[in-house]
Undergrad: 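Provided herewith is a single structure, encoded as structure tokens, for subsequent inquiry.
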Amino acid sequence: LTINRFDELLSIFDRRLPIFERILKEAKNKKAKNKAFVIGINGIDGAGKTRFAESLEKFLISRGCETQAIYLDDFHNPRSFRYAGDNQAENYYNRSFNINLIVAKLLAPLRQKRRFSTKLTVLDWRTDKYDIEREYSFNQNTIVIFEGVFLFRRELAPYIDYKIFLETPFEESLKRSGTRDSGDTISKYESKYLPAQAKYLEEYPPDKVADMVIDNTDWEYPVIKSEEKNRDTTKPL
């Protein structure tokens, strides 16, 4: 065994590799030949979704797969709309994201076409300005990594071929927010983010709707808790 770079050494000891291998195997088994295959990475705030999605994409590329990432955060609604209601937890759950836009511009075409490319100008939720450009390109061989909160709700779930839920206790979410965010953001976890997640988990229990549930309490030592096939029979609206 010859190791030429330090990142190659790290990849050998990445304890997520068996899980990534399992996901790739499932993708190969389930993917239709004439359509892109969409993997949804979901979990509560602070579950490690982005880190997991980015690492999974790098792994897939290393195995010769064509990939395209989609991040739900790129489809935030403007601040004036997101905060229009009195209940911030309800706002977060129902008003944060432009679901109709992401379905119309990306997810529905993925179902209808063998290949397509598009460029979108999306909102920077931090500055509340539409000044970020994203380019997307898909063909029948693409494995799409779709990452974000609330992905398994009925408006989005029918467009996801393989659903992965990263399970993380609310206590761990709060702990992680304390290491990366301000006190104001931490208070929002308690009054806004986690109450919205509790509502979501009650409506869409991961053990009922996800194809794979991963305990990601320790992101360096993730563990597959459960796997089920064909749980979600919902059709696109």
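Heads up: numbering here begins at 1 and tracks the sequence.
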Undergrad: Are more than 12 heavy atoms, taken from residues, nucleotides or ligands other than Asp86, located less than 6.0 Å from that residue's CG atom?
TA: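 No - once you tally the heavy atoms of other residues, nucleotides and ligands closer than 6.0 Å, there are 12 at most.
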Undergrad: Mark yes or no for whether Ser173, through its side chain, and Asp45, through its backbone, hold a donor-acceptor pair below 3.5 Å.
TA: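 Side chain of Ser173 to backbone of Asp45, a donor-acceptor pair under 3.5 Å: yes, one is there.
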Undergrad: Short question: side chain of Arg15, backbone of Val223 - any donor-acceptor pair under 3.5 Å?
TA: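 Judged by distance alone, no pair lies under 3.5 Å.
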Undergrad: Treating Tyr83 as the side-chain partner and Pro78 as the backbone partner, does any N or O pair qualify as donor plus acceptor under 3.5 Å?
TA: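 Here the side-chain-to-backbone pair does not exist.
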Undergrad: For the pair Arg176 and Glu172, evaluate side-chain contact (heavy atoms from CB on, under 4.5 Å) and give the outcome as yes or no after the intermediate values.
TA: CA-CA 6 Å; Arg176 292 177 185 179; Glu172 179 63 21; 2.9 Å; yes
Undergrad: Do Lys49 and Phe52 meet the cation-pi criteria used here (NZ or CZ under 6.0 Å from the six-membered ring centre, within 45° of the axis)?
TA: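 Here Lys49 fails the 6.0 Å and 45° test against Phe52.
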Undergrad: Does any part of the side chain of Lys199, heavy atoms only, come nearer than 4.5 Å to the side chain of Leu194, both counted from C-beta?
TA: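 Contact flag for Leu194/Lys199 side chains = no.
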Undergrad: Is there a chain of hydrophobic side chains (I, L, V, M, F, W, Y, each step under 4.5 Å between heavy atoms) that links Ile102 to Phe81?
TA: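 Result: no, two separate clusters.
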Undergrad: Would Arg79 pass as a cation-pi partner of Trp125, given that its NZ or CZ must be under 6.0 Å from the six-membered ring centre and within 45 degrees of the axis?
TA: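 Because its charged atom misses either the 6.0 Å distance or the 45° angle limit, Arg79 does not stack over Trp125.
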Undergrad: Measuring from atom CD1 of Ile41 to atom CD1 of Ile164, what distance do you get when rounded to the nearest 0.5 angstrom?
TA: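 Interatomic distance, Ile41 CD1 to Ile164 CD1, rounded to 0.5 Å: 4.0 Å.
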Undergrad: Run the side-chain contact (heavy atoms from CB on, under 4.5 Å) check on Val144 and Ile160 step by step: do they pass?
TA: CA-CA 9 Å; Val144 180; Ile160 302 174; over 6 Å; no
Undergrad: Go through the steps to decide whether Val38 and Tyr159 satisfy the test side-chain contact (heavy atoms from CB on, under 4.5 Å), and finish with yes or no.
TA: CA-CA 7 Å; Val38 181; Tyr159 300 99; over 6 Å; no
Undergrad: Are Val149 and Phe97 packed together at the side-chain level, in the sense that at least one heavy-atom pair is separated by less than 4.5 angstrom?
TA: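 They are in contact (side-chain heavy atoms under 4.5 Å apart), so the answer is yes.
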Undergrad: Show the nearest heavy-atom pair for residues Val213 and Pro206, with the distance to one decimal.
TA: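 For Val213 and Pro206, the tightest heavy-atom pair comes out as CG2-O, 3.9 Å.
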Undergrad: Is there side-chain contact between Ile39 and Asp161, with at least one heavy-atom pair below 4.5 Å?
TA: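 The answer is no; the side chains never approach within 4.5 Å.
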Undergrad: Testing the basics here: between Ala89 and Ala196, what is the closest heavy-atom pair and its distance to 0.1 Å?
TA: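 Reported closest heavy-atom pair: O-CB, 3.5 Å.
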Undergrad: Answer yes if the side chains of Gln197 and Tyr189 hold a donor-acceptor pair under 3.5 Å, and no otherwise.
TA: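 Absent: no donor and acceptor within the cut-off.
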Undergrad: Is Glu227 salt-bridged to Arg22, going by a charged N under 4.0 Å from an acidic O?
TA: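 So Glu227 pairs with Arg22 through a salt bridge.
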Undergrad: Please tell me whether Leu24 and Ile145 are part of a single hydrophobic cluster in this structure, the criterion being side-chain heavy atoms less than 4.5 Å apart.
TA: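 Yes, because Leu24 and Ile145 connect within a single hydrophobic cluster, where side-chain heavy atoms sit under 4.5 Å apart.
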Undergrad: Yes or no on salt bridge (Lys or Arg N to Asp or Glu O under 4.0 Å) for Lys225 and Glu167, after CA distance, side-chain angles and deciding distance?
TA: CA-CA 9 Å; Lys225 288 189 63 178; Glu167 185 177 88; 2.7 Å; yes
Undergrad: Between Asn91 and Gly85, is there a donor-acceptor pair closer than 3.5 Å when you use the side chain of the first and the backbone of the second?
TA: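 Between the backbone of Gly85 and the side chain of Asn91 there is a qualifying donor-acceptor contact (under 3.5 Å).
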Undergrad: To check you understand the geometry: which heavy-atom pair defines the closest contact between Leu151 and Leu156, and what is its length?
TA: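 Closest approach of Leu151 to Leu156: O-CB, 3.2 Å.
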Undergrad: For Gln112, look at atom CD and say whether over 12 heavy atoms of other residues, nucleotides or ligands are found less than 6.0 Å away.
TA: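 More than 12 heavy atoms, drawn from other residues, nucleotides or ligands, come within 6.0 Å of this atom.
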Undergrad: May I ask you to check whether Phe138 and Phe37 place their ring centers less than 6.0 Å from one another?
TA: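 That pair fails the under 6.0 Å test.
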Undergrad: What distance do Tyr193 atom OH and Ser96 atom OG have between them, rounded to the nearest 0.5 Å?
TA: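 So the OH of Tyr193 and the OG of Ser96 are separated by 8.0 Å.
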Undergrad: Cut-off 3.5 Å, no hydrogens considered: what does the side-chain donor-acceptor table look like for residues 56-68, sequence neighbours left out?
TA:
| from | atom 1 | to | atom 2 | distance (Å) |
| --- | --- | --- | --- | --- |
| Glu57 | OE2 | Thr67 | OG1 | 2.8 |
| Ser62 | OG | Phe59 | O | 2.5 |
| Arg63 | NH2 | Glu21 | OE2 | 2.8 |
| Glu66 | OE1 | Asn139 | ND2 | 2.8 |
| Gln68 | OE1 | Ser137 | N | 3.1 |

Undergrad: Would you mind reporting whether Leu123 and Ile132 have side-chain heavy atoms less than 4.5 Å apart?
TA: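 They are not in side-chain contact.
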Undergrad: Please give me the minimum heavy-atom distance between Asn42 and Gly148, naming the atom from each residue.
TA: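 Looking at all heavy atoms of both residues, the closest pair is ND2-O, 2.9 Å.
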Undergrad: Keeping the roles fixed (side chain from Asp211, backbone from Lys163), state whether a donor-acceptor pair exists under 3.5 Å.
TA: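 It does hold such a pair.
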Undergrad: With rounding to the nearest 0.5 Å, note down the distance linking NZ in Lys105 to OH in Tyr136.
TA: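 If I round to the nearest 0.5 Å, the distance is 12.5 Å.
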Undergrad: Does Asn77 use its side chain to pair, donor to acceptor, with the backbone of Arg95 at less than 3.5 Å?
TA: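 Answer holds: yes.
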Undergrad: Looking at side-chain heavy atoms only, is the closest gap between Val103 and Ile99 below 4.5 Å?
TA: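 Result yes, sub-4.5 Å side-chain heavy-atom pair found.
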Undergrad: Quick one, Lys33 and Gln140 - any side-chain contact, counting heavy atoms below 4.5 Å?
TA: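 No - every pair of side-chain heavy atoms lies 4.5 Å or more apart.
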Undergrad: How far does CE of Met212 sit from CD of Glu26, to the nearest 0.5 angstrom?
TA: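 Met212 atom CE to Glu26 atom CD measures 6.5 Å (nearest 0.5 Å).
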Undergrad: What is the minimum heavy-atom distance between Leu106 and Phe116, and which atoms define it?
TA: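 It is O-CZ, 3.8 Å.
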Undergrad: Look up atom CG in Leu110 and atom CZ in Arg114, then write down how far apart they are to the nearest 0.5 Å.
TA: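 These two atoms lie 14.0 Å from each other.
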Undergrad: Do you know the tightest heavy-atom contact between Thr121 and Tyr130?
TA: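 In this case the closest contact between Thr121 and Tyr130 is CG2-O, 3.6 Å.
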Undergrad: Can you tell me how far the CG atom of Asp128 sits from the CZ atom of Arg82, to the nearest 0.5 Å?
TA: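 Asp128 atom CG to Arg82 atom CZ measures 6.0 Å (nearest 0.5 Å).
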Undergrad: Does the ring centre of Tyr200 sit less than 6.0 Å away from the ring centre of Phe150?
TA: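 Phe150 vs Tyr200: aromatic centres under 6.0 Å.
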Undergrad: Is any side-chain heavy atom of Glu190 less than 4.5 Å from a side-chain heavy atom of Leu174?
TA: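 Yes. Closest side-chain heavy atoms under 4.5 Å.
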Undergrad: Are Ile23 and Ile19 side-chain neighbours, meaning at least one heavy-atom pair lies under 4.5 Å?
TA: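 They are in side-chain contact.
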Undergrad: Decide whether Leu107 and Tyr71 are clustered together by the hydrophobic rule: side chain heavy atoms of Ile, Leu, Val, Met, Phe, Trp, Tyr closer than 4.5 Å, transitively.
TA: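 No: no chain of side-chain contacts under 4.5 Å links Leu107 to Tyr71.
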Undergrad: Would Trp219 end up clustered with Ile224 when hydrophobic side chains under 4.5 Å apart are linked, directly or stepwise?
TA: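 Trp219 does not cluster with Ile224.
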Undergrad: What orientation do Phe152 and Phe165 show, parallel under 30°, tilted 30 to 60°, or perpendicular over 60°?
TA: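 Ring orientation of Phe152 relative to Phe165: tilted.
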Undergrad: Indicate yes or no for a side-chain donor-acceptor contact from Lys31 to the backbone of Lys35 under 3.5 Å, with no hydrogens or angles considered.
TA: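 Yes, because the side chain of Lys31 sits within donor-acceptor range (under 3.5 Å) of the backbone of Lys35.
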Undergrad: Do the side chains of Asp74 and Arg134 get close enough for a salt bridge, i.e. N-O under 4.0 angstrom?
TA: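 Yes, this pair counts.
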